[in-house]
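One structure is given here, and the rest of the page talks about it.
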Amino acid sequence: MNTFEYIDGRLHCEDVDLSILGETYGTPSYVYSKKTIHENAKAYVNSFTNSDNLACFAVKSLSNLSILNIIKNSGCGFDIVSGGELNRVLSIGAEPKKVIFSGVGKTKKEIEQGINSGILSFNVESESELYRIEKVAEEIGSPAPISIRINPDIDSGGHDYITTGRKGDKFGISETRKIIDLCKHAHRAKHLKIVGLACHIGSQILDLDGFIKSADKIFELADELANFDISLEFLDLGGGLGISYEDEVPPSPFDLISCLEEKFKNRKERLILEPGRSISANAGILLTQVEYIKDNFLIVDAAMNDLLRPSLYKAHHDVCNVIDKKDNLKKWNIVGPICESSDFLAKNISLDVNEDDLIAIKNAGAYGFVMASNYNSRPKACEILIDGNESKIIRKRETLDDLLEKEKIVND
Ligand code: LLP
């Protein structure tokens, strides 16, 4: 679905005219559509035919509290990777039993936080982590639910930096023997409860092959564990479904889920998925204003500190005018004010544009604001949620004072 559309030549998000929004709240601003978030989350929830199956939204892709609340109300759980993300989901009243804790570097404190809040499971990514969780659980006196994240040695394609399931990647455990031994240990241990197996092979995946292969590998392991009387509650196949940034045609959540439910039909474990981008990406744009035009550069007021994806992965984001015009199209490189040549938001974009015009960088909902920084002492943009004809600030624009707040001048 697309809720960013021109109405009478002016770009709208739902029923709100983005040119008016830009005047009201300033730029750069992240703008999200509530309807899109809700419908994208529902596309997962409604595709399950077995109501025990669960989509846990990957909080890392877009973590604003209002957005998480919409996603919770759509029926999703959450995939988290830090104490900070756990705090976020608990603060919106998420059910702990719908929370999966992934990530290779869980600290003792984070593990305590997870056990004390009663999460569904820790996705364990190494032998050392398993023993650490066991120790913390023993200290707390409450058993910890765990699932082992396997590294299935599957290349999901896409950018090298976001492929996670190949041998040699830092994620999960590769050796089958070790996984079985760890599961056997957990099965016997008083303070561990083995509840599942997990994997996540990468992001922006454009076909179902990798998911099918992962399911086969995980089934094989689960069957082998059954020989040792270890039965599992769920099998978690991770996130990763791609979206259309340019002309890609990814499978839909429905395609993914029908294919996997078909494979799960004779199994007793439930299916868990961890979608991020496919729920959040097309629900957000980054609104920015053209400050200067120089040669073929549009110098805008957003920068790599606001949206890092183009600089970090050479990721492509389409860009469009807020007020539609096409009489004088030219190719532009859209850059920010940061003192780095890698500070670009898009290259070779055809637009008819003048200084002071507002433009929208599309598909910026996922891995957009969450990856923002204060580089060059730039305050972070505000986040705005659109609901029909209403707009609400869901994160204030940072001020210059905010940037100094945590610092101290000490006497020399
Ligand atoms: N589960 C785990 C364990 C993950 O590591 C990730 C993403 C997800 C789920 C969600 O994947 P998704 O459905 O969003 O593809 N910053 C990069 C993407 C990094 C993805 C990291 N892990 C980007 O901007 O493209």
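The figures that follow rest on heavy atoms only: side chains count, while hydrogens, waters and symmetry mates do not. Quantities reported herein were computed from a predicted structural model and do not represent experimental measurements. Each ligand, and each atom within it, is numbered from 1 in the order the structure gives.
Between S373 and N305, the side chains place no donor N or O within less than 3.5 Å of an acceptor N or O (distance only, hydrogens not considered). Side-chain contact, N333 with N348: no donor N or O sits under 3.5 Å from an acceptor N or O. No side-chain N or O of E14 forms a donor-acceptor pair with one of T3 less than 3.5 Å apart.
Between S102 and ligand 1, no pair of N/O atoms sits closer than 3.5 Å. Residue R149 has no nitrogen or oxygen atom sitting less than 3.5 Å from a nitrogen or oxygen atom of ligand 1, judged on distance alone. Polar contact check, G276 against ligand 1: a nitrogen or oxygen pair lies under 3.5 Å apart. For the pair P275 and ligand 1, the shortest N or O to N or O distance does not fall below 3.5 Å. The shortest N/O to N/O separation between E274 and ligand 1 falls below 3.5 Å. Inclusion of K60 in the set of residues having an N or O under 3.5 Å from an N or O of ligand 1 is warranted.
In the vicinity of G240, heavy-atom distances shorter than 4.0 Å reach the ligand 1 atoms 11 (O), 12 (P), 13 (O), 15 (O). Taking a cut-off of under 4.0 Å to the non-hydrogen atoms of M371, the atoms of ligand 1 that pass are 16 (N). Proximity to A58 (heavy-atom distance under 4.0 Å) selects the following atoms of ligand 1: 8 (C), 9 (C), 10 (C). Near R277, meaning under 4.0 Å from one of its heavy atoms, ligand 1 places the atoms 12 (P), 13 (O), 14 (O), 18 (C), 23 (C), 25 (O).
Within the 4.0 Å heavy-atom shell around ligand 1 one does not find A366. Using a 4.0 angstrom heavy-atom cutoff, S278 does not count as in contact with ligand 1.
Note on R395 versus E398: salt bridge recorded, some NZ/NE/NH1/NH2 to OD/OE distance being below 4.0 Å. Salt-bridge formation is not detected for the pair K109/E112: no Lys NZ or Arg NE/NH1/NH2 atom is positioned less than 4.0 Å from an Asp or Glu carboxylate oxygen.
Contact annotation for D79 and ligand 1: only side-chain heavy atoms (C-beta onward) come within less than 4.0 Å of the ligand.
Annotation: cation-pi geometry not satisfied between R277 and Y367 (NZ/CZ under 6.0 angstrom from ring centroid, within 45° of ring axis). Annotation: cation-pi geometry not satisfied between K42 and Y44 (NZ/CZ under 6.0 angstrom from ring centroid, within 45° of ring axis).
When each of K34, K392, K35, H38 is tested with D387 by the rule side-chain contact (heavy atoms from CB on, under 4.5 Å), just one qualifies, namely K34. Tested against F78, the residues L90, I100, I71 include a single side-chain contact (heavy atoms from CB on, under 4.5 Å) partner, I71.
When Y367, Y313, F57 are checked for heavy-atom proximity to atom 20 (C) of ligand 1, Y367 turns out nearest.
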